[in-house]
Amino acid sequence: MNASDSDEDSYNERTALVPAEAPALPSYTPAPDPDPPNQTTAKRPAASRQAGPVAGDSGSGGHGDSAGSSGRGSDQDADADEEELTLKYGAKHVIMLFIPVTLCMVVVVATIKSVSFYSEKTDQQLIYTPFTENTASVGRRLLNSVLNTIIMISVIVVMTVFLVVLYKYRCYKFIHGWLILSSLMLLFWFSFMYLGEVFKTYNVAVDYPTVAVVIWNFGGVGMICIHWKGPLALQQAYLILISALMALVFIKYLPEWSAWVILGAISVYDLVAVLSPKGPLRMLVETAQERNEPIFPALIYSSAMMWTVGMASPADAQRSGHETDEEAEQSGRGAEPESRQPRPFTDSELEEDRGVKLGLGDFIFYSVLVGKAAATGGDWNTTLACFVAILIGLCLTLLLLAIFKKALPALPISITFGLVFYFSTDFLVQPFMDNLAANQFYI
Amino acid sequence: MNLERLPNEEKLSLCRKYYLGGFAFLPFLWLVNVVWFFKEAFVKPVYSEQLQIKTYVKRSALGLLLWVTVLTTWITIFQHYRAEWGEVGDYLSFTIPLGIP
């Protein structure tokens with residue numbers, strides 16, 4: 001099977017998604033917001049990268065009650081309340097994101113460890129990494145991996161910019177179509193491959209009709225849940241699964257050294273794209289905020305459903321959520337707090353459905369890092385170390401989000417920690433532990 | 001998507017669409033329908049659209065049961081007789097196990 005073509009397509013779409021998302025949203029907390037800062041900015045958890053348009057709205061991020069009471073209370077009380085609420089919500093969001101990120105990584109690691117297909121080295125490479133790593137000298141190999149990275153990152157940059165341009169000029173249909181094609185490919189083709197490999201690993205006979213029914217159901221319900229309406233838990237589950245599938249494809253088809261260099265380069269790109277004023281992701285988020293539209297709900301993992309009283313309909317939120325894959329990926333990469341804006345006139349129905357949003361691209365790259373560690377690292381020490389590193393990075397990112405209240409890139413801190421832990425564990429801790437065990441020396 | 005927030009007509013419409021969608025060889029959709037709307041149909045206090053939602057949930061459950069029976073039967077038959085069917089068995093197989101049974 002020529003994997004390049006299919007991979008390429010999905011890769012196109014996925015990389016678009018993956019690239020760092022969430023440019024920092026300066027206007028996340030509405031600057032000219034007339035409401036007293038107590039009720040608006042303070043309440044809003046800063047953790048979200050994707051400052052969705054909803055998030056950008058004023059509205060107390062915090063409970064409606066608090067908003068009311070803080071408005072009435074003294075400034076100092078309100079401040080203290082806000083701080084507390086921010087931190088409390090920040091902590092809750094961290095937990096809310098730990099679970100999906102962990103689940104995604106668990107799926108990837110379990111697959112890598114059991115299905116040998118995904119860790120077999122193949123000569124087939126993605127078209128985005130044309131330089132081979134089977135070279136004689138170390139220097140040549142290093143050069144090839146750097147060149148591969150440059151090509152990959154440029155592809156990502158180009159697609160991101162393309163996406164932002166499309167979004168700016170309101171080519172929603174194109175974006176929509178692209179997104180649907182991309183998720184179709186993931187939900188049907190990749191899961192078909194995955195299922196085939198799992199069956200081969202466990203040596204069971206399966207017939208075509210059964211497989212057809214299973215894949216059709218899985219993909220069909222997935223499309224409905226992600227792109228239309230469905231139970232939130234199921235949608236989250238599907239997003240986690242497609243992120244895991246994508247990560248597995250990356251792990252299989254990216255050459256060894258290139259993968260690590262790409263991980264590093266993409267964190268840097270994420271940082272730049274999200275935080276710099278002309279960064280494509282930042283522009284994307286700002287545009288979305290101006291237009292008061294949510295950003296690509298289909299490609300962002302959201303831990304709670306947004307429900308803005310006063311929004312036209314839930315369908316709107318989801319429709320506009322389908323932004324191009326790239327955007328989704330990009331937005332996926334940001335972590336974004338979602339806050340509901342209670343409308344002043346519906347006090348009785350105020351709902352604080354705070355959630356945090358994290359871009360799918362972040363899921364994918366976290367899983368790629370842990371998966372690679374599981375596939376090529378020493379043993380479970382390395383895998384666990386990378387896992388812990390990524391979670392710590394995520395905590396820190398969310399903490400920063402709570403402090404800065406802007407869209408932030410979720411990749412850099414986690415990936416840096418992950419890389420550091422991987423290399424140090426593999427080359428320092430592993431031999432150390434082995435020696436200790438071999439010599440029966442317990443510390 | 002939180003069902004709590006939807007007005008009743010929309011709940012009914014959603015349930016109906018899921019029910020109709022299941023006819024496209026999507027028993028999983030029926031399963032989702034049953035699980036998702038179970039509380040709405042059987043646990044919540046009565047409201048006007050509830051009766052219709054109940055019908056849809058019941059029919060989805062029925063359709064799901066039918067599909068499960070058909071699939072289980074087919075899989076059992078296939079697993080049992082695959083080796084004996086020879087060529088046809090291989091033609092139908094997506095993956096063929098290695099080794100000697």
Side-chain angles (χ1 to χ4, degrees), chain A residues 117 192-193 195-238 297 302 304-311 313-315 317-318 321 340 346 349-351 353 355, chain B residues 1-7 9-11 13-18 20-40 64 67-68 70-85 88-101:
Chain A
F117 173 74
F192 177 73
M193 269 175 54
L195 210 61
E197 290 309 320
V198 168
F199 287 145
K200 279 184 207 153
T201 305
Y202 290 107
N203 220 19
V204 292
V206 187
D207 54 306
Y208 275 114
T210 310
V211 166
V213 168
V214 169
I215 296 289
W216 170 240
N217 272 275
F218 178 75
V221 178
M223 291 301 286
I224 291 177
C225 264
I226 296 178
H227 293 268
W228 191 55
K229 306 176 196 175
L232 182 67
L234 197 62
Q235 181 185 30
Q236 293 172 334
Y238 267 108
S302 141
M305 188 52 204
M306 263 176 25
W307 182 272
T308 309
V309 177
M311 228 175 171
S313 71
Q318 288 182 319
R340 283 269 226 98
T346 50
E349 290 183 36
L350 281 188
E351 262 222 44
D353 230 9
Chain B
M1 172 112 297
N2 196 348
L3 274 188
E4 308 286 325
R5 310 284 173 82
L6 287 176
E9 302 80 34
E10 288 193 30
K11 280 188 220 168
S13 153
L14 200 59
C15 192
R16 177 140 97 290
K17 290 195 182 135
Y18 265 67
L20 293 175
F23 281 108
F25 293 91
L26 288 170
F28 191 27
L29 206 56
W30 276 334
L31 177 65
V32 173
N33 202 11
V34 167
V35 170
W36 201 17
F37 281 96
F38 189 78
K39 238 168 83 170
E40 287 294 322
L64 179 67
W67 264 98
V68 168
V70 166
L71 265 179
T72 323
T73 325
W74 164 247
I75 291 178
T76 329
I77 294 178
F78 180 77
Q79 293 292 335
H80 201 64
Y81 293 111
R82 181 187 56 84
E84 293 164 17
W85 284 349
V88 176
D90 282 351
Y91 176 65
L92 277 176
S93 296
F94 173 50
T95 46
I96 301 177
L98 308 165
I100 303 173

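Chain letters run A, B, ... following the sequence lines, proteins first and then strands; every chain starts at 1. The structure presented is a predicted model; accordingly, all values stated were derived computationally and were not measured.
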Flag the pair A:Phe192 / B:Phe94 as yes when their ring centroid distance falls below 6.0 Å, and as no otherwise. yes

So, the side chain of A:Asp207 versus the backbone of B:Ser93: is there a donor-acceptor pair under 3.5 Å, distance only? no

Start with the C-alpha distance between A:Leu195 and A:Ile215, add both sets of side-chain angles, then the distance that settles side chain to side chain contact (heavy atoms under 4.5 Å, CB included), and finish with yes or no. CA-CA 9 Å; A:Leu195 210 61; A:Ile215 296 289; 3.8 Å; yes

Interchain contact, A:Val213 with chain B, by part (heavy-atom threshold 4.5 Å): side chain

Greatest number of heavy atom pairs closer than 4.5 Å to chain A - which of B:Ile75, B:Thr95, B:Ile96, B:Leu29: B:Thr95

Which atoms of B:Phe78 approach chain A - backbone, side chain, both or neither, heavy atom under 4.5 Å: side chain

Residues, nucleotides or ligands: over 12 heavy atoms within 6.0 Å of B:Phe23 CZ: yes

Turns out that what part of B:Leu14 lies under 4.5 Å from chain A's heavy atoms comes down to side chain

Start with the C-alpha distance between B:Trp30 and B:Tyr18, add both sets of side-chain angles, then the distance that settles side chain to side chain contact (heavy atoms under 4.5 Å, CB included), and finish with yes or no. CA-CA 7 Å; B:Trp30 276 334; B:Tyr18 265 67; over 6 Å; no

Identify which part of B:Leu71 has an atom lying under 4.5 Å from any heavy atom of chain A, answering side chain, backbone, both or neither. side chain

